[in-house]
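Take a look at the structure set out below.
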Amino acid sequence: MIVRAFPGIWQTALVGGLATGMGAPAWGQIVVDTPDFDKTLHLVETRMEESGKDMVGVVLPMDLDFLAEANHTVANEVHEWRLTVRAEGALATCLHFDDFHLPAGATLRCMTPKGAFAEQWSSAIVDATENNAHYRWANDEVPGEEVELVLTMPLGTVEFPRLHVEGLGFFVRGTHFDAPFDAVRGGAEACQVDVNCLEGDSWQCERDGVVRLRITQSGGIFYCSGSMINNTAKDCRQLMLTSLHCADEVDDDEWAYFKVQFNYEFSECGGTSSINSRTRTGVIPLTDSNDMTNGQINGSDFLLVEVEDPISIDWAPFFAGWDASGNPGYGGVSIHHPSGDRKKISTYTNTLSTSSAYAPGAHWRVNWVSTETNHGVTEGGSSGSPIFSENHQIVGTLSGGSSFCSSPYAPDFYGKMSRHWSINSQPDILKLSWFLDPMETGQLAQHGSYKHVDENGIEHCDVVGSCEATRVEESFLQALSVQPNPTTGRVQVSLPQGTSLERVEVYDAMGRLVQTVQNPDFTTRLDLDLQGTGLRYVTVRCANGWSATRKVVVD
């Protein structure tokens, strides 16, 4: 049977490129009429230029009943249905099911047909835990132009499966598979730094919170980044923060196809293998900055969603901390998925400055620095990623910028958490503060935490004992004091004995560096009234990489 992909928003211009002349395939095989690859790639690249979004493919509408077309056999008390779907020219494919339901005991697996590659690629097993009330689901992308679906179900199962496909994802760029499935890869630029290089040693907790996003909207498939995020109830609610421009065209039904991928990173610096199957399908939109006009960002640009299905504790999901006070980061990192590739890390060592690149005062401006491994930057697909301050808290989310490997010192712009928090046109019950401070504590900062389960089986995301980096940070921060505060001028900066201080820096209220003390003792005195009265930020930097900032008022 040949299933024709009906022209839609993206296919209208490509009808002349539909595949023709194919012979009738055998029962258990579907051949999809596909658009011309080069025309589709040109269309995708044009849309990327227009929107600034990392587009990787198009969705071809289908009308396919899996059970009616699959080859059905019964052996060893088990039903088995097999169906191969072929989309000629695709670098990878995925299927969108608009009627998806598996009975208890049934399993579905998506794989490459034997012989397509030197090895057979296979997804994780899908079972009834993927069922949901809206009956929609999408599989992870499968390498190559063919995908084989295998459904098994014990004989005598009373309930019957339902698997109807409404669309096929046709990937023309941005595919990322381990060898031997990576014949045509669209990886990140060469200067990017793997998150498991030494630059990420102090950021392993935050690394576990960053996720890759695959978003379906307006007939296309796009990549972005995001982060799981904690709240003051510390109840492990599956909140995920990204940027609104990543998903501003998602229809109500398309949130069900929103893919959130965890732990997608090379296992070592410069590695070649990664875990590819830890995904959750479907999110619930909660709130956003409500600041997209005609495809343009006019505010701080955030989106908060809730991951629909339970996230396995075996994936070690980290719910990142945040700082909505408006204090700039004085050094830190962004962790992201450039071009949808494995997780990378980019480093900054100077104070974030305020930018009006998209809206007055709504963004942080950052410039990345070269590190021991390379000079990390951002790319398409990095959008929505968090930027962390030296206190390991999110202070913004990526809207855009101009850093590339060819121009690594060009700036990028992150929507401020302080603007996300409450300064937008949403009513109070849709402010970000409503969701991240459900306990109404009024606090403007929160540390991150891993999920853990107590002896009563109750999940918690409280901070104590959760993250090794957080425990070290907590002791460091608790021992740091800048006194007196407020002050008439002089303060004493104190840390525990044995701390190897590199320098102390003083910034004014505008984030400008006004004083530096190199190689101070663990107790050092500063005179803060040299530039008059007002707000000062005192940043302590240690030789082991730790840094912290205290706000001081000079009367």
Side-chain angles (χ1 to χ4, degrees), residues 202-203 205-206 208-210 226-237 239-241 287 289 300 302 304 318-335 348 351-352 354 361-364 366 385-397 414-424 431-450 460-482 485 507 509 511 535-541 546-553:
S202 298
W203 302 92
C205 301
E206 292 74 23
D208 292 341
V210 174
S227 177
M228 305 304 295
I229 191 165
N230 210 355
N231 68 77
T232 58
K234 304 174 188 176
D235 56 3
C236 307
R237 187 176 181 185
L239 302 176
M240 193 275 293
L241 182 69
T287 189
S289 49
S300 64
F302 85 86
L304 186 74
F318 184 75
F319 296 81
W322 40 268
D323 183 347
S325 68
N327 291 338
Y330 295 92
V333 303
S334 180
I335 302 174
Y348 70 101
T351 309
L352 296 177
T354 294
H363 284 73
W364 295 120
V366 61
S385 61
I387 190 167
F388 296 96
S389 71
E390 73 279 7
N391 294 330
H392 290 242
Q393 294 167 322
I394 296 173
V395 293
T397 50
Y414 286 74
K416 293 181 177 182
M417 276 293 294
S418 56
R419 293 291 294 258
H420 296 347
W421 194 249
S422 59
I423 306 175
N424 54 60
K431 304 290 189 189
L432 185 62
S433 56
W434 182 269
F435 295 92
L436 297 191
D437 186 20
M439 306 305 291
E440 299 185 70
T441 65
Q443 67 190 66
L444 294 176
Q446 170 68 54
H447 282 301
S449 176
Y450 285 106
H460 298 277
C461 280
D462 50 0
V463 174
V464 178
S466 174
C467 172
E468 181 63 33
T470 299
R471 290 202 298 272
V472 175
E473 177 192 353
E474 285 291 331
S475 62
F476 177 83
L477 293 175
Q478 288 173 8
L480 170 64
S481 68
V482 181
N485 188 12
Y507 297 83
L535 189 64
R536 301 286 187 276
Y537 295 100
V538 177
T539 297
V540 176
R541 300 190 187 278
W546 284 105
S547 65
T549 300
R550 290 289 184 267
K551 182 166 61 175
V552 181
V553 176

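Heavy-atom basis, side chains included; hydrogens, waters and symmetry copies ignored. These numbers come from a predicted model, not from an experiment.
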- Message: Strictly distance-based, threshold 3.5 Å: is any side-chain N or O of S449 a donor or acceptor partner for the main-chain N or O of D462?
- Response: yes
- Item | Minimum-distance pair of heavy atoms, taken over all atoms of V482 and N485 | O-CB, 3.8 Å
- Message: As an exercise, state the distance from CD of Q393 to CG of N230, rounded to the nearest 0.5 Å.
- Response: 10.5 Å
- How far apart are the closest heavy atoms of H420 and S300, and which atoms are they? ND1-OG, 2.9 Å
- Query: How many angstroms lie between CZ in F318 and CE in M228, if you round to the nearest 0.5 Å?
  - Reply: 12.0 Å
- Message: List the residues meeting side-chain contact (heavy atoms from CB on, under 4.5 Å) with L444, not counting sequence neighbours, and say none if there are none.
- Response: S325, W421
- Message: With a 4.5 Å cut-off on side-chain heavy atoms, are Q446 and K234 touching?
- Response: yes
- Atom of M417, atom of L436 and distance for their closest heavy-atom approach: CE-CD1, 4.1 Å
- Task: Measure the spacing between OG of S334 and CD1 of I394 and express it to the nearest 0.5 Å.
- Result: 9.5 Å
- State the CH2-CG distance between W322 and L241, to the nearest 0.5 angstrom. 11.5 Å
- Message: With rounding to the nearest 0.5 angstrom, report the CG to CG distance, L535 to N327.
- Response: 8.0 Å
- Query: So, the side chain of S227 versus the backbone of I229: is there a donor-acceptor pair under 3.5 Å, distance only?
  - Reply: no
- Nearest atoms (heavy-atom pairs only) where Y348 meets Y330: CE1-C, 4.3 Å
- Query: Going through the distances and angles, do F302 and R419 end up as a side-chain contact (heavy atoms from CB on, under 4.5 Å)?
  - Reply: CA-CA 9 Å; F302 85 86; R419 293 291 294 258; over 6 Å; no
- How close do S289 and N424 get, heavy atom to heavy atom, and via which atoms? O-CB, 3.7 Å
- Message: Are V210 and P386 packed together at the side-chain level, in the sense that at least one heavy-atom pair is separated by less than 4.5 angstrom?
- Response: yes
- Message: For a quick test of reading the model, state the closest non-hydrogen atom pair linking A320 to F388 and the distance between them.
- Response: CB-CE2, 4.0 Å
- Message: Distance check, rounded to the nearest 0.5 Å: T354 atom OG1 versus W364 atom CH2?
- Response: 4.5 Å
- Query: Who are the side-chain hydrogen bond (donor to acceptor under 3.5 Å, both in side chains) partners of D235, not counting sequence neighbours?
  - Reply: N231
- Query: Do T232 and P438 have side-chain heavy atoms sitting under 4.5 Å apart?
  - Reply: yes
- Message: Under the rule for ring-ring contact (aromatic ring centres under 6.0 Å, His included), what residues qualify as partners of W434, not counting sequence neighbours?
- Response: none
- Task: Verify whether one side chain among S433 and D437 offers a donor that lies under 3.5 Å from an acceptor in the other.
- Result: no
